[in-house]
A.B. asks: 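My questions will all concern the structure given below.
Proteins come first, then strands; the chains are lettered A, B, ... in the order of their sequence lines, and each starts at number 1.
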Amino acid sequence: MRIFNFFRSAQPPKPESSAHQAKERLQIVMAHERASRDGPDFLPLLQQELLAVIAKYVDVDQNKVEVKLDRVKDVSTLEVNIELPSRRPGTQRHRVTLQGATSS
Amino acid sequence: MGQIIVMTSGKGGVGKTTSSAAFAAGFALRGRKTVVIDFDVGLRNLDLVMGCERRVVFDFINVINGEAKLAQALVKDKRIENLYILPTSQTRDKDALTKEGVEAVMDELRKDFEFIICDSPAGIERGALMALYFADQAIIVTNPEVSSVRDSDRILGMLAARSRRAELGLAPVTEHLLLTRYDPHRVERGEMMTLDDVLDILAIPLLGVIPESPAVLRASNVGLPVIMDESSNAGMAYADAVARFLGENVEHRFVKPTRRGLFSRLLGRPV
Ligand SMILES: Nc1ncnc2c1ncn2[C@@H]1O[C@H](COP(=O)(O)OP(=O)(O)O)[C@@H](O)[C@H]1O
Ligand SMILES: [Mg+2]
């Protein structure tokens, strides 16, 4: 059967192979999961406290708060966009953007 | 009002998550606004199969507990318009799913989406019950294998007795059979039950037959619903099944063995 070994590669998967992508995706997502395992689910708390601070100054609609997360190899970036209501109808609206990154 | 569809089976590892991702993407590709929800609390995986795992901030349980708004927990697919994912919690357990909490989320989603797909966990406990409770339609994912067929029958019993429709005496949940991991070659050799065998036993309408295909693993490796691999048998079979679900009359493919050449038979490669 040696002839058929031509068709099987003994090398590790090439960087663009789907198996390689699977490993890379898992390493990223699992590094973050392990780091936060058994810890508090801090994102809801963070969001609630941020909103509480802003609510001292203006009325915010919870539905107008956008939270985005992006994870790449060693860094997570959290972006919170809060749309502030206009003071008087017809006047310009404002948006507050908070951005933070952590590296592991 | 949107339709709630549960992807269920009783047995684990038969292809519910693969099928949930494929149907969700298939509906959205046809312009139907769709959300797919992961009910497997504590074992989040739909995010990986859909390729959005890096962007999950809040989850289904956060919404049920009032810790986040629904709009904040929905992850919009980056490749397909009209497609959203509601991931589940990786840290909590299935007791976090309360009937009232799930109902509130379903009511809100119904107003905004045409199709709401509930990816059920295995088993017949709380998670699986909550996934099927609000269903209007059920896709029973079954493998041509003894334990899978028996478990499917068990789930059909639960749909008939313990769903919301059953409890309220409404029209019953519409049932569809999706036979997955079907290998026509093994069927031909008499090693696997035939499609007709399974239909005889379960006696529910057939939605589709998805062949065993290496494309499924490839797709999950890269986080792409397999229906987007349009050149694969499994991708085409899912596209056909989606079309049938939407009322089109599409003939069943991939139920007969394909003739293979000597070379591919020697290599033992599935076609
Ligand atoms: N048609 C198919 N051909 C080959 N492998 C499949 C097919 N459908 C599912 N699988 C594989 O079976 C396993 C279980 O699938 P999954 O969708 O996670 O099942 P479930 O959600 O029912 O537990 C996965 O490894 C998946 O890649
Ligand atoms: Mg699953």
A.B. asks: Check each atom of B:Leu224 against the heavy atoms of chain A and say whether the ones under 4.5 Å are side chain, backbone, both or neither.
C.D. replies: neither
A.B. asks: Is the centre of the B:Tyr84 ring less than 6.0 Å from the centre of the B:Phe113 ring?
C.D. replies: yes
A.B. asks: Name the option with the most non-hydrogen atom pairs under 4.5 Å to chain A; the candidates are B:Val56, B:Asn221, B:Asn65.
C.D. replies: B:Asn221
A.B. asks: Side chain from CB out, backbone as N, CA, C, O: work out which of these in B:Ser220 comes under 4.5 Å of a heavy atom of chain A, or both, or neither.
C.D. replies: backbone
A.B. asks: Specify which of B:Val75, B:Val57, B:Leu217, B:Asn62 makes the most heavy-atom pairs with chain A at under 4.5 Å.
C.D. replies: B:Val57
A.B. asks: Run the salt-bridge test on B:Glu67 and B:Arg92 with the 4.0 Å N-O cut-off and return the result as yes or no.
C.D. replies: yes
A.B. asks: Please flag which part of B:Gln90 lies under 4.5 Å from any non-hydrogen atom of chain A: side chain, backbone, both or neither.
C.D. replies: side chain
A.B. asks: List for me each residue that meets salt bridge (Lys or Arg N to Asp or Glu O under 4.0 Å) alongside B:Asp47, sequence neighbours excluded, and say none if there are none.
C.D. replies: none
A.B. asks: Mind jotting down which residue pairs meet the side-chain hydrogen bond (donor to acceptor under 3.5 Å, both in side chains) criterion with at least one end in residues 28-42 of chain B? Sequence neighbours excluded, please.
C.D. replies: B:Arg30-B:Glu248, B:Arg32-B:Glu114, B:Lys33-B:Asp112
A.B. asks: Taking C-beta and beyond as the side chain, do B:Ile85 and B:Leu74 meet within less than 4.5 Å on heavy atoms?
C.D. replies: no
